[in-house]
Amino acid sequence: MAASTLQFTTLDVFTSARYKGNPLAIVQVPETVSLSQEQKQSIAAEFNLSETVFLHTPGTSANNSDEPIQIDIFTTSAELPFAGHPTVGTSHFLLEKLDKDQIILKTKAGLIPAVRGASGGARLSAPLDFAIHPNLAFPNIRAMFPDVDFVQESQDPVVSPVKGLCFLLVEVASEAALAKLRTFSEKELVLPDGHAGEWQGFFALYAFYVSGEGKLRTRMFFDGIEDPATGAAAITLGGYLGATRGMTDLEIIQGVEMGRKSEILVKVSLGEKGNNGTFQVKKVELEGSAVQVMSGELVPPM
């Protein structure tokens, strides 16, 4: 059934201050309405945010149900199986709207349980199909930033939190070095075909500086833009630092250089250390706050 208008809400996620953090649009799709992939993609492109969520709202009788609530996550150009700030933001929105202490989101990457976090926001157990792939060298990236002190001389790890998402984790030696980075063309960061096997898909650069015990500063770049807060990348980095360095509690600050400071909490549960010297990553939790900024109606494309 077509709808004449749909309700939408925008939130700033990973912050409690409006106009900071990472903006998110949530479009409510009643159970009586069906949108095509093309319609969803057009709406996401119109919002022009890093992600837009289509929230398939249950009927009134289902508000007290514990059944998973389906969401679809779109960038301006494609659908994603999972992303961090959309799931944290949508969880916060639903916990408040439904006046619940816990919910379950249904995403293309699997079910995501979420509860109210100690920060006042939402804490979720991320879907996980964690994989550390072979390191990759991108000489062109280092050539663009000759005055940046990179920790690794030539190669950086490629890591996935779930299938379809890959991040190049680039460690720098100082906060000043992090500040010198800038956006670059998507053609300068291409994951070679087959490098990540079944995990091949979305690919972005996540630069980080470990400023203290469990405290990190980060920046994320993809498709010629910078993202102010990237939950999936934070999960990936948390899993990687847990596996390789035994780190379990991370406080990540991102978006400072964009004027949109974001605060991301990551907790990693580890298993035994394997013969390859890395710990098993058993669970990764992601937590952050959110605040509503706008609400209104939109007319779906025909």
Side-chain angles (χ1 to χ4, degrees), residues 1 3-18 20-35 40 43-44 47 49-74 79-128 229 231-232 235 262-267 283-298 300:
M1 176 180 173
S4 56
T5 61
L6 295 173
Q7 300 292 319
F8 76 84
T9 303
T10 71
L11 307 175
D12 286 334
V13 185
F14 291 122
T15 181
S16 56
R18 289 181 177 87
K20 301 294 183 182
N22 197 353
L24 172 71
I26 300 175
V27 179
Q28 298 183 54
V29 184
E31 60 182 354
T32 56
V33 173
S34 177
L35 293 178
K40 292 175 185 177
I43 292 170
F47 275 112
L49 300 175
S50 57
E51 282 101 6
T52 295
V53 165
F54 294 89
L55 169 62
H56 297 270
T57 56
T60 305
S61 62
N63 280 353
N64 295 322
S65 169
D66 292 328
E67 288 295 310
I69 300 172
Q70 181 184 344
I71 65 170
D72 302 317
I73 305 168
F74 280 74
E79 184 176 10
L80 296 178
F82 169 76
H85 108 274
T87 48
V88 167
T90 304
S91 296
H92 180 275
F93 176 78
L94 286 170
L95 290 167
E96 294 296 318
K97 178 181 173 66
L98 302 178
D99 192 24
K100 289 188 173 185
D101 291 323
Q102 59 183 15
I103 57 162
I104 301 174
L105 297 180
K106 182 180 180 181
T107 71
K108 296 293 193 302
L111 299 180
I112 303 176
V115 300
R116 294 183 186 271
S119 65
R123 183 176 79 249
L124 57 86
S125 297
L128 210 60
I235 290 167
S262 304
E263 301 176 66
I264 307 169
L265 301 178
V266 176
K267 185 173 183 63
K283 181 180 179 181
V284 182
E285 293 177 292
L286 179 69
E287 182 174 339
S289 297
V291 58
Q292 182 174 324
V293 179
M294 289 182 271
S295 64
E297 296 181 340
L298 63 84

Mind checking whether [X] and [Y] have side chains closer than 4.5 Å, heavy atoms only?
X	Y	answer
Glu263	Ser289	no
Val27	Phe47	yes
Leu94	Leu55	yes
Ile71	Ile26	no
Asp66	Ile104	no
Ile103	Phe93	no
Pro30	Thr57	yes
Leu98	Ile69	yes

State, to 0.1 Å, how close [X] and [Y] come at their nearest heavy-atom pair, and which atoms those are.
X	Y	result
Ser262	Gly21	OG-CA, 3.1 Å
Thr52	Ala44	OG1-CA, 3.8 Å
Ala126	Ile235	CB-CD1, 3.4 Å
Ser91	Ala122	CB-CB, 3.8 Å
Leu95	Ala114	CD2-O, 4.5 Å
Ser125	Ile112	O-CG2, 3.5 Å

- Message: Thr90 vs Leu24, test: side chain to side chain contact (heavy atoms under 4.5 Å, CB included). Steps then yes/no.
- Response: CA-CA 9 Å; Thr90 304; Leu24 172 71; 4.1 Å; yes
- Message: Under the criterion side chain to side chain contact (heavy atoms under 4.5 Å, CB included), I'd like the reasoning laid out for Val291 against Ser16: C-alpha separation, chi angles, the key distance, then a yes or no.
- Response: CA-CA 6 Å; Val291 58; Ser16 56; 5.7 Å; no
- Please list, chain by chain and in numerical order, all residues satisfying salt bridge (charged side-chain N to carboxylate O under 4.0 Å, His left out) with Lys108, sequence neighbours excluded. Asp72, Glu79
- Message: Show, in sequence, the C-alpha distance, side-chain angles and deciding distance for Phe54 and Leu6, and conclude whether the side chain to side chain contact (heavy atoms under 4.5 Å, CB included) test is met.
- Response: CA-CA 10 Å; Phe54 294 89; Leu6 295 173; 5.9 Å; no
If you measure from [atom1] on [X] to [atom2] on [Y], what distance do you get to the nearest 0.5 Å?
X	Y	atom1	atom2	result
Phe8	Glu297	CZ	CD	9.0 Å
Thr87	Leu124	OG1	CG	4.5 Å
Gln70	Glu31	CD	CD	12.0 Å
Glu285	Lys267	CD	NZ	7.5 Å
Leu286	Phe14	CG	CZ	4.0 Å

- Would you list the pairs meeting salt bridge (Lys or Arg N to Asp or Glu O under 4.0 Å) in which at least one residue belongs to residues 84-94, sequence neighbours left out? none
- Task: Quick one: which residue pairs count as a salt bridge (Lys or Arg N to Asp or Glu O under 4.0 Å) with a foot in residues 287-296, not counting sequence neighbours?
- Result: none
- Task: Look only at the side chain of His85 and the backbone of Pro23, and say whether a donor-acceptor pair between them is shorter than 3.5 Å.
- Result: yes
- Item | Short side-chain to backbone donor-acceptor contact, Thr10 and Met294, under 3.5 Å | yes
- Message: Closer than 4.0 angstrom, basic N to acidic O: yes or no for Asp101 and Arg116?
- Response: yes
- Message: Does atom CD (Gln102) have a neighbourhood of more than 12 heavy atoms from anything else shown, all under 6.0 Å?
- Response: no
